[in-house]
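So the structure is just underneath, and the comments pick up after that.
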Amino acid sequence: MSRPRLLFGAILALGCAVSAAAGEDACATCLELPRAERDEQPLRIEIESGLQFSRLALAGQEDGAAEIDPRTGAKRVVNMIDLGGISYQARATVRGQPLRPVRVELPARVLLRSPSGAEAELTHFVTDLPPVAMLDENGLLTFNFGARISSRAASGGDFRGRIEIHVDYF
């Protein structure tokens, strides 16, 4: 699909490869979009709040995990102790052409790192989106998402990372 994709709100530009012998006008025609696509509003995404697991500790010598539910923000832990603090699901808003269906893709896996070099992993991303997500009459779609964080090598730290969210029109 040749429509725009978003990566945390940054539009990725698509280009075409044309041989040098093709002439100056060759690339201009390959980048022309059909009229419907030219009139279409570009998609933008704004992250209103990030995914926050708060403070956790391993319950033993083995790795542990915690999950955050996208609908309720509730946290569930496995082989970890919840040390309190505020945890919450992430929230994002997509803006674009009113009443258009969109596809939201979250990654399968994100590696997180702490300043000390320890690593954790985010997996099992889930959203509260319906099977077919659609922008409303104002061109807005707000959704929540959660994930599972798993420790690696039973190490701890203040983990940070970037979650790539791709959004396309159907």
For this session: For the pair Asp128 (side chain) and Arg71 (backbone), establish whether a donor and an acceptor sit closer than 3.5 Å, ignoring hydrogens and angles.
Result: no
For this session: Give a yes or no on whether the backbone of Gln97 and the side-chain of Tyr169 come within a donor-acceptor separation of less than 3.5 Å.
Result: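 Here the side-chain-to-backbone pair exists.
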Sequence neighbours excluded, which residues qualify as side chain to side chain contact (heavy atoms under 4.5 Å, CB included) partners of [X]?
{"X": "Leu140", "value": "Thr93, Arg95, Asp136, Asn138"}
{"X": "Pro98", "value": "Gln41"}
{"X": "Val110", "value": "Pro107, Leu112, Leu122, Phe125, Ile163"}
{"X": "Thr127", "value": "Leu106, Leu129, Phe143, Phe145"}

With sequence neighbours left out, write down each residue that passes side chain to side chain donor-acceptor pair (under 3.5 Å) with [X], or none if nothing qualifies.
{"X": "Arg76", "answer": "Glu67"}
{"X": "Arg152", "answer": "Glu119"}
{"X": "Ser54", "answer": "none"}
{"X": "Thr72", "answer": "Asp69"}

Look up atom [atom1] in [X] and atom [atom2] in [Y], then write down how far apart they are to the nearest 0.5 Å.
{"X": "Arg109", "Y": "Ser150", "atom1": "CZ", "atom2": "OG", "result": "10.5 Å"}
{"X": "Asp63", "Y": "Met80", "atom1": "CG", "atom2": "CE", "result": "8.0 Å"}
{"X": "Ile81", "Y": "Leu56", "atom1": "CD1", "atom2": "CG", "result": "10.0 Å"}
{"X": "Ser151", "Y": "Glu62", "atom1": "OG", "atom2": "CD", "result": "10.0 Å"}

Problem set entry | Leu135/Leu43 under side-chain contact (heavy atoms from CB on, under 4.5 Å): CA gap, chis, key distance, verdict | CA-CA 10 Å; Leu135 300 173; Leu43 285 167; 4.1 Å; yes
What are the two closest heavy atoms between [X] and [Y], and how far apart are they?
{"X": "Gly73", "Y": "Gln89", "result": "CA-OE1, 3.3 Å"}
{"X": "Ala120", "Y": "Leu111", "result": "O-CD1, 3.5 Å"}
{"X": "Ala118", "Y": "Gly156", "result": "CB-O, 3.4 Å"}
{"X": "Gly146", "Y": "Leu51", "result": "CA-CD1, 3.9 Å"}

Exercise. Transitively linked via ILVMFWY side-chain contacts under 4.5 Å: Leu141 with Ile47?
Worked result: yes
For this session: Using the rule that two of Ile, Leu, Val, Met, Phe, Trp, Tyr join whenever any of their side-chain heavy atoms come within less than 4.5 Å, decide whether Val126 and Ile68 are in one cluster.
Result: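 Each belongs to a different hydrophobic cluster.
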For this session: For residues 78-93, pull every pair meeting salt bridge (charged side-chain N to carboxylate O under 4.0 Å, His left out), keeping only residues two or more places apart or in separate chains.
Result: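 The answer is Glu48-Arg91, Lys75-Asp82.
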Exercise. In the hydrophobic clustering (ILVMFWY, side-chain contacts below 4.5 Å, transitive), which residues join Tyr88, or is it alone?
Worked result: Ile86
For this session: Go through the structure and list residues passing salt bridge (Lys or Arg N to Asp or Glu O under 4.0 Å) with Asp158, not counting sequence neighbours.
Result: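 Salt bridge (Lys or Arg N to Asp or Glu O under 4.0 Å) check on Asp158 returns Arg160.
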Problem set entry | Salt bridge Arg103-Asp168, side-chain N to carboxylate O under 4.0 Å |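 Here Arg103 pairs with Asp168 in a salt bridge, since their nearest N and O are under 4.0 Å apart.
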For this session: Begin from the C-alpha positions of Ile45 and Val104 and carry the test side-chain contact (heavy atoms from CB on, under 4.5 Å) through to its verdict.
Result: CA-CA 10 Å; Ile45 187 167; Val104 177; 5.9 Å; no
